[in-house]
There are 2 protein chains.
Amino acid sequence: MTLSIGMLARRAGAKVQTIRYYEQIGLMAEPIRTYGGQRRYEEDAVKRLSFIRHARALGFSLDQIRNLLELADDPKRDCTAADSIAREHLAAVKAKIAALNSLKRELIRMVDCCDGTDTAHCRVIETLANHDLCASPNHEPVQ
Amino acid sequence: MTLSIGMLARRAGAKVQTIRYYEQIGLMAEPIRTYGGQRRYEEDAVKRLSFIRHARALGFSLDQIRNLLELADDPKRDCTAADSIAREHLAAVKAKIAALNSLKRELIRMVDCCDGTDTAHCRVIETLANHDLCASPNHEPVQ
DNA sequence: CTTGAACCTACATCTATTGTAGAAATAAGA
DNA sequence: TCTTATTTCTACAATAGATGTAGGTTCAAG
Ligand SMILES: [Zn+2]
Ligand SMILES: [Zn+2]
Ligand SMILES: [Zn+2]
Ligand SMILES: [Zn+2]
């Protein structure tokens, strides 16, 4: 029993286009085709795609996922490499949280300090026009 | 005294390409040109570009910035609209922090639970392959 | 055999830049 | 005035990770 791309999409929680995109960038293997040229997938494609979607939901990049899949395909291998990809991602998530918390504090200050009259005296506009009104000496890039 | 695009870039902390891009999408006005076709900016371009870069550093989207600039150009206007753009952005930042904190907890669990033998028994790989091993019932998209 | 749903490829779009190539302009020094 | 190094110009491509569209084909059920 093989699956059409639409059935695979439903089984793994992905869009059809996304599956074709993953195939295009070499993350999913090219499946067999019907005589008419439509893709037909085996059961293991569901596993692989679910792995990818779950890892995406947890914020891993497609490049990290590519590496994790390669490691997972080699079951006897020491898992240090896999763990360090996760730790690297965790570190990135922590850094992003820190940067966003800094933004959050600054935005709260802006919003709270505005007495809400006209834009000529709006604290939001003033702060954006003048970094000296910010509390933090600089802003880390968020993405 | 007018400024070349490179001088403007240095004054406002932007890349030359970025300035041309902002002009292309209508965020910066088209400046006058020399006979040879090079851009020459007035002093107010520094202000406008600095505003944009500062707002970007605080995470506002170019669309939000476009609206903020339009509001700022009309000083007698009630600043409610400006404030609500900031509040909307603040809400998005808070939501992103919450989603990232959820990811962080899950990643810590994965990393901490792995006893680090081979990939066949790696908790990181296992968790990515099976959402049932996750603590949270679902993962909010982060971006 | 018909028909509607699903599928195909190829391309465009989104955000916010950044990089490149090849040509032209400018500013400073000789 | 001439040379030369730096800057600027346009146009296009690339980045990440999908998603949307157009126009055409295939599949499966009745
Ligand atoms: Zn205000
Ligand atoms: Zn600031
Ligand atoms: Zn492990
Ligand atoms: Zn999960």
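So that the names make sense, note that chain A is the first sequence line, chain B the second, and so on, each numbered from 1.
- Sorted by first and then second residue, the ring pair (Phe, Tyr, Trp, His ring centres under 6.0 Å) pairs with a member in residues 4-45 of chain A form an empty list; sequence neighbours excluded.
- What you find for B:R53 and B:G13 is that their closest heavy atoms are NE-O, 3.8 Å.
- Counting heavy atoms from C-beta outward, B:D118 and A:P75 have side chains that stay 4.5 Å or more apart.
- Atom-to-atom distance recorded for A:K94:NZ and B:L107:CG is 9.5 Å, nearest 0.5 angstrom.
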Go through the steps to decide whether A:D63 and A:R66 satisfy the test salt bridge (Lys or Arg N to Asp or Glu O under 4.0 Å), and finish with yes or no. CA-CA 5 Å; A:D63 242 23; A:R66 194 192 304 274; 3.7 Å; yes
Classify every nucleotide of nucleotides 20-26 of chain C by which part a protein heavy atom approaches to under 4.0 Å, writing B for the base, S for the sugar-phosphate alone and - for neither, in 5'-to-3' order. B----SS
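- Look at CD on B:Q24: it is 12 Å from P on C:dC14, rounded to the nearest Å.
- Side-chain nitrogen and oxygen atoms of B:T18 include at least one within less than 4.0 Å of the OP1 or OP2 phosphate oxygen of C:dT18.
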Quick one: do B:R40 and B:L3 satisfy side chain to side chain contact (heavy atoms under 4.5 Å, CB included)? Show the steps, please. CA-CA 5 Å; B:R40 287 296 178 269; B:L3 303 165; over 6 Å; no
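- With B:E30 as reference, B:E23 is the one residue of B:Q24, B:E23, B:R39 to meet the side-chain contact (heavy atoms from CB on, under 4.5 Å) rule.
- Applying the 4.0 Å criterion to OP1 and OP2 of C:dA16, one finds that B:Y22 has every side-chain N and O outside that range.
- Here B:D78 pairs with nothing under the salt bridge (Lys or Arg N to Asp or Glu O under 4.0 Å) rule; sequence neighbours left out.
- A 4.5 Å side-chain heavy-atom check between A:I85 and A:L71 finds at least one atom pair inside the cut-off.
- Evaluation of the salt bridge (Lys or Arg N to Asp or Glu O under 4.0 Å) rule for B:R11 yields B:E43 as partners, not counting sequence neighbours.
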Please tabulate, for side-chain N and O atoms in residues 125-136 of chain A, each donor-acceptor pair with protein atoms closer than 3.5 Å (sequence neighbours left out).
residue : atom : partner : partner atom : Å
A:T127  : OG1  : A:R123  : O            : 2.6
A:N130  : OD1  : A:D132  : N            : 3.1
A:H131  : ND1  : A:H139  : NE2          : 3.2
A:H131  : ND1  : B:H54   : NE2          : 3.2
A:H131  : NE2  : A:P137  : O            : 2.8
A:S136  : OG   : A:E106  : OE1          : 2.5

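- The stretch residues 50-66 of chain A touches DNA chain D through A:R53, A:R56, A:S61, A:L62, each having a heavy atom within less than 4.0 Å of the strand.
- Between B:A99 and B:P141 the shortest heavy-atom distance is CB-O, 4.4 Å.
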If you write DNA chain C from 5' to 3' in dot-bracket form, with Watson-Crick or G-U pairs under 3.5 Å, [ ] for crossing pairs and | for pairs with another strand, what do you get? ||||||||||||||||||||||||||||||
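- Within residues 4-12 of chain B, the residues that place at least one heavy atom under 4.0 Å from DNA chain D are, in residue-number order, B:S4, B:I5, B:G6.
- Using a 4.5 Å heavy-atom cutoff, the side chains of A:L103 and A:R105 are not in contact.
- Atom NZ in A:K15 sits roughly 14 Å away from atom C1' in C:dC14 (whole-Å rounding).
- Residue pairs meeting the ring pair (Phe, Tyr, Trp, His ring centres under 6.0 Å) criterion with at least one member in residues 67-123 of chain B, sequence neighbours excluded, are B:F60-B:H89.
- Under the 4.5 Å side-chain heavy-atom criterion for Ile, Leu, Val, Met, Phe, Trp and Tyr, B:I97 and A:V111 are members of distinct hydrophobic clusters.
- Listed by chain and residue number, nothing satisfies the salt bridge (Lys or Arg N to Asp or Glu O under 4.0 Å) test with A:R56 (two or more places apart in sequence, or in another chain).
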Is there a side chain to side chain contact (heavy atoms under 4.5 Å, CB included) between A:N138 and A:E140? Walk through the geometry before answering. CA-CA 7 Å; A:N138 50 40; A:E140 321 269 317; 3.9 Å; yes
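- Contacts between residues 84-95 of chain B and DNA chain C, defined by a heavy-atom separation under 4.0 Å, are absent.
- Taking every nucleotide of DNA chain D with any atom under 4.0 Å from a non-hydrogen atom of chain B, the first and last of them, 5' to 3', are D:dT8 to D:dT10.
- Put simply, the side chain of B:I52 reaches to within 4.5 Å of the side chain of B:L69, judged on heavy atoms.
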